[in-house]
Participant: 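First the structure, then my questions, so here it is.
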Amino acid sequence: MPHDPEPPPAKKFKPGSVFFRLDKNKPGMLLPRKGNVTTPIDVQRKQLPIYQAKPQLLNQLRQLHNAILIGETGSGKTTQIPQYLYEAGIGRPGVIAITQPRRVAAVSLAGRVAEEKRTQLGKLVGYTVRFEDVTSSETKLKFMTDGMLLREAIGDPLLLRYSVVVLDEAHERTVHTDVLFGVVKTAQRRRRELNKIPLKVIVMSATMDVDLFSEYFNKSPVLYLEGRQHPIQIYYTKHPQSDYLQAALISVFQIHQEAPPSHDILVFMTGQEEIEALARTCRDIAKHLPDGCSPMVVIPLYASLPPAQQLRVFQHLILLYTSLTISGIKYVIDTGMVKAKRFNPDSGLEVLAVQRVSKAQAWQRAGRAGREDSGSCYRLYTEQEFDNLIPMTVPEIQRCNLASVMLHLMTLGIPDVMNFDFMSKPSPEAVRAAVEHLELLGAVERKEGQVSLTALGKKMASFPLEPRYAKTILLSPDYCCSEEVLSIVSLLSVDSVLYNPPARREEVLAAHKKFISSEGDHMTLLNIYRAFKKVGGNKEWCRENFVNSRNMNLVKEVQAQLREICLKLSLKLESCGSETGNVRRCLAHGMFINAAELQPDGSYLALDTHQSVAIHPSSVLFQAKPAYVVFNELLHTSRCYMRDLCLVDADWLLDAAPEYFGRKLHLTKS
DNA sequence: GAGCACTGC
């Protein structure tokens, strides 16, 4: 491909440079649609592709205990299937649950279906997500996050309130969905054994990788639904691109000069930094576009941007990498890369790395171009490279820490968690590491080779938190600092409450300086939270202090929820006031697995895995070099960094787990 | 002296 060391003038991007090759073998995927916004709602329902299939669908669904439903976006399956079931009396008098991986989807779908049924939300149709329950005794169609159904299963493992469970967006394979697969399958079997009302399970997915689903659910039949996708033209590069960012830049300008201005371009990229850099370059080049070329509006879009900015109206170019729903996209540029987390069970380390997308992801990205009308997708890789992509993204359950999953399964009374019937089994090492972690925390115990939940473990499971956080909260009454620990855990379980625009670095440092505690990041966060509460969550205060008020308010919600659980468990809630040493003692006892020791050469050794780690420069302890710390997480980027550190005494760690540290010390010597 | 994709309970 053409390449200039200097930022090339716009002329270089004139149409005609043969960059893409048309792929004639893969024409548009599905049928066009006719849309009309003013059509009455019941007519709209009948215009959906799924409506034609309604009689056969109902016929099948009435008989089957399990069904796999494959339908593209726009087939109407998520809004219609629950209504069809209800209208046909299938599953009465029980409740039909429809799970979603994301909150917004659960909420908006419930709203849409309530509208279609002409009822008030929360009556016949409702939703349940964390912090929000809009259901009543009348609710028969209940949209919920999969995590929420999982939590409900703790009190009701057979899911007896439900006659039908619809697992939607199953192709996303989130941890929660994958665990739910096993939970509903178990509930189905147990209900049959106990002669209870049968449970119908419908798995809905957008992809064609159905064998796995079908096989898992006792070879259940697969029903296909026609979608509503418009034709999409796929283009590939002639040659592999060594620099996908450069390729994206060229493609953007090529399309911009050829396309009508009302057609937006969507570029899939891997992260904030990349997006900001490309946005800057595009804007610079756009200033020097030749006369007659329409102006270009560049909108960077990523999750950590404040929501107001995400909602801005855009005209021509969007740079984006999330799964946000945006309409009016005509052109998609797919870099073929994604940033994803990988997990190493041996080191307990999560690595965030840029890697190639899967075929499924590539098709999903392409699909974004055909929502409203026909579109084009430019893949910045060759067709051969596409053919070599892995078919499906590795399910999250195979690349995450399983501690909370294992704890959850045990709470559900699953007899043999080590051999749980996962659709895609995580590695035995990952399972073993998780159980060992729980054992160290005292959540499980081994008796004659069998693993069982302890009373402490049962309490830990009642918190929607990682086990070590739950443990720390449960320890906090012993140190008379539950209020502080609740705040700290809440602060750690949301995205950063600190706002760090790199352009205003000096101001940020000055503003945050007054909160800094020499005891570490946890206490610093606590100082910020205390100050925030003192001014009553004042937004102006947040702005002045570079504090993210949205996340801060989320902290308040989380804390309220955790406090509620503490009260149910009759934990004593009290504040230690200025005795912050108590808080650090408590953190040391709860987080002892994440401890590190200063070495003579100035580096740190993580005591659990004996790997060399460093203090992340964002920590307030970066220059302090304390002898012992506990940290919140390890992040492997350019080095292995500890993030969110708390200064502790060696004695506290030894006191927390004498046997464990005895073993670790022994390991150091040998 | 770095820079963290997206969810969810």
Side-chain angles (χ1 to χ4, degrees), chain A residues 99-107 128-133 144-155 169 172-180 268-277 301-305 320-324 335 337-342 350-355 357 361 364 393 395-397 399-400 404-405 407-408 411 460-467 469-470 489-490 493-496 498 500-502 505 508-509 554 557-558 561-562 564-565 602 614-625 632-644:
Chain A
T99 70
Q100 294 292 322
R102 278 173 297 280
R103 294 166 54 98
V104 273
V107 175
T128 306
V129 296
R130 190 181 187 185
F131 307 130
E132 236 184 316
D133 181 14
M144 59 207 299
T145 45
D146 42 20
M148 207 64 218
L149 185 58
L150 217 44
R151 201 128 275 277
E152 281 190 8
I154 290 181
E169 309 285 3
E172 291 197 20
R173 304 293 306 273
T174 66
V175 174
H176 287 159
T177 311
D178 268 33
V179 177
L180 266 183
F268 283 97
M269 308 188 65
T270 72
Q272 177 174 341
E273 235 177 322
E274 248 178 42
I275 288 173
E276 287 291 356
L301 210 54
Y302 42 82
S304 66
L305 281 177
L320 175 143
Y321 61 95
T322 65
S323 52
L324 292 167
T335 57
M337 306 302 278
V338 66
K339 198 176 285 184
K341 203 179 251 180
R342 279 182 285 194
E350 286 178 337
V351 184
L352 203 57
V354 173
Q355 53 200 49
V357 295
Q361 274 172 316
Q364 207 179 357
T393 315
E396 204 185 350
I397 195 115
R399 48 188 174 88
C400 74
S404 47
V405 169
L407 181 63
H408 210 121
T411 315
M460 281 164 64
S462 53
F463 290 94
L465 293 169
E466 279 181 47
Y469 289 159
V489 167
S490 307
S493 54
V494 306
D495 287 335
S496 175
L498 299 177
N500 263 319
R505 201 166 155 266
V508 173
L509 285 175
L554 197 57
E557 279 196 283
V558 174
Q561 189 187 28
L562 298 180
E564 196 76 8
I565 297 167
I615 299 180
H616 195 277
S618 67
S619 171
V620 299
L621 292 180
F622 180 64
Q623 275 148 339
K625 298 268 176 200
N632 189 38
E633 62 176 355
L634 286 178
L635 180 79
H636 192 103
T637 49
S638 59
R639 297 172 69 183
C640 193
Y641 285 110
M642 302 179 277
R643 286 208 303 188
D644 295 316

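Here is the naming used below: chain letters follow the sequence lines, and residue numbers restart at 1 for every chain. Here the structure is a predicted model, which is why all the values come from computation and not from measurement.
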Participant: A:Val175 near the nucleic acid: base, sugar-phosphate alone, or nothing, with a heavy-atom cut-off under 4.0 Å?
Facilitator: nothing
Participant: Are A:Leu465 and A:Leu562 close enough that some pair of their side-chain heavy atoms sits under 4.5 Å apart?
Facilitator: yes
Participant: Which whole-number value in Å describes the distance from A:Tyr641 OH to B:dG1 P?
Facilitator: 9 Å
Participant: Using modelled atom types and a 3.5 Å cut-off, is there a donor and acceptor pairing between side-chain atoms of A:Thr177 and backbone atoms of A:Arg173?
Facilitator: no
Participant: Of the candidate nucleotides B:dC4, B:dC9, B:dG1, which contains the atom at the shortest distance from the side chain of A:Phe622?
Facilitator: B:dG1
Participant: From CD of A:Gln361 over to C1' of B:dA5, roughly how many Å is that when rounded to an integer?
Facilitator: 10 Å
Participant: Of all of residues 145-153 of chain A, which get a heavy atom below 4.0 angstrom from DNA chain B, listed by number?
Facilitator: A:Thr145, A:Gly147, A:Met148, A:Arg151
Participant: How many whole angstroms separate atom CZ of A:Arg173 from atom P of B:dC6?
Facilitator: 22 Å
Participant: Whole Å only: how far is the CG atom of A:Leu509 from the C1' atom of B:dA2?
Facilitator: 13 Å
Participant: Taking only side-chain nitrogens and oxygens of A:Arg103, does any of them come within less than 4.0 Å of OP1 or OP2 of B:dC9?
Facilitator: yes
Participant: With sequence neighbours left out, what residues match A:His616 under side chain to side chain donor-acceptor pair (under 3.5 Å)?
Facilitator: A:Ser618
Participant: Between B:dA5, B:dT7, B:dG1, which nucleotide has the shortest distance from any of its atoms to the side chain of A:Lys339?
Facilitator: B:dA5
Participant: Whole-Å distance between B:dG8 P and A:Glu466 CD?
Facilitator: 16 Å
Participant: Which whole-number value in Å describes the distance from A:Ile275 CD1 to B:dC6 P?
Facilitator: 8 Å
Participant: Taking the side chain as every heavy atom from C-beta outward, state whether A:His408 and A:Leu150 have any pair of such atoms under 4.5 Å apart.
Facilitator: yes
Participant: What is the distance, rounded to the nearest whole Å, between atom CD1 of A:Ile615 and atom P of B:dA2?
Facilitator: 13 Å
Participant: So does A:Arg130 get a backbone contact from the side chain of A:Arg103, meaning a donor-acceptor N/O pair under 3.5 Å?
Facilitator: yes
Participant: Where the side chain of A:Ser619 meets the backbone of A:Arg643, is there a donor-acceptor pair that is under 3.5 Å apart?
Facilitator: no
Participant: Please give, in whole Å, the distance from B:dC9 P to A:Gln561 CD?
Facilitator: 9 Å
Participant: Starting at the 5' end of DNA chain B and moving along, which residue's nearest nucleotide shows up first, A:Asp495 or A:His616?
Facilitator: A:His616
Participant: Ignoring the backbone of A:His176, work out which of B:dC9, B:dC4, B:dT7 is nearest its side chain.
Facilitator: B:dC9
Participant: Go through the structure and list residues passing side-chain contact (heavy atoms from CB on, under 4.5 Å) with A:Thr128, not counting sequence neighbours.
Facilitator: A:Asp133, A:Thr135, A:Lys142, A:Met144, A:Met148
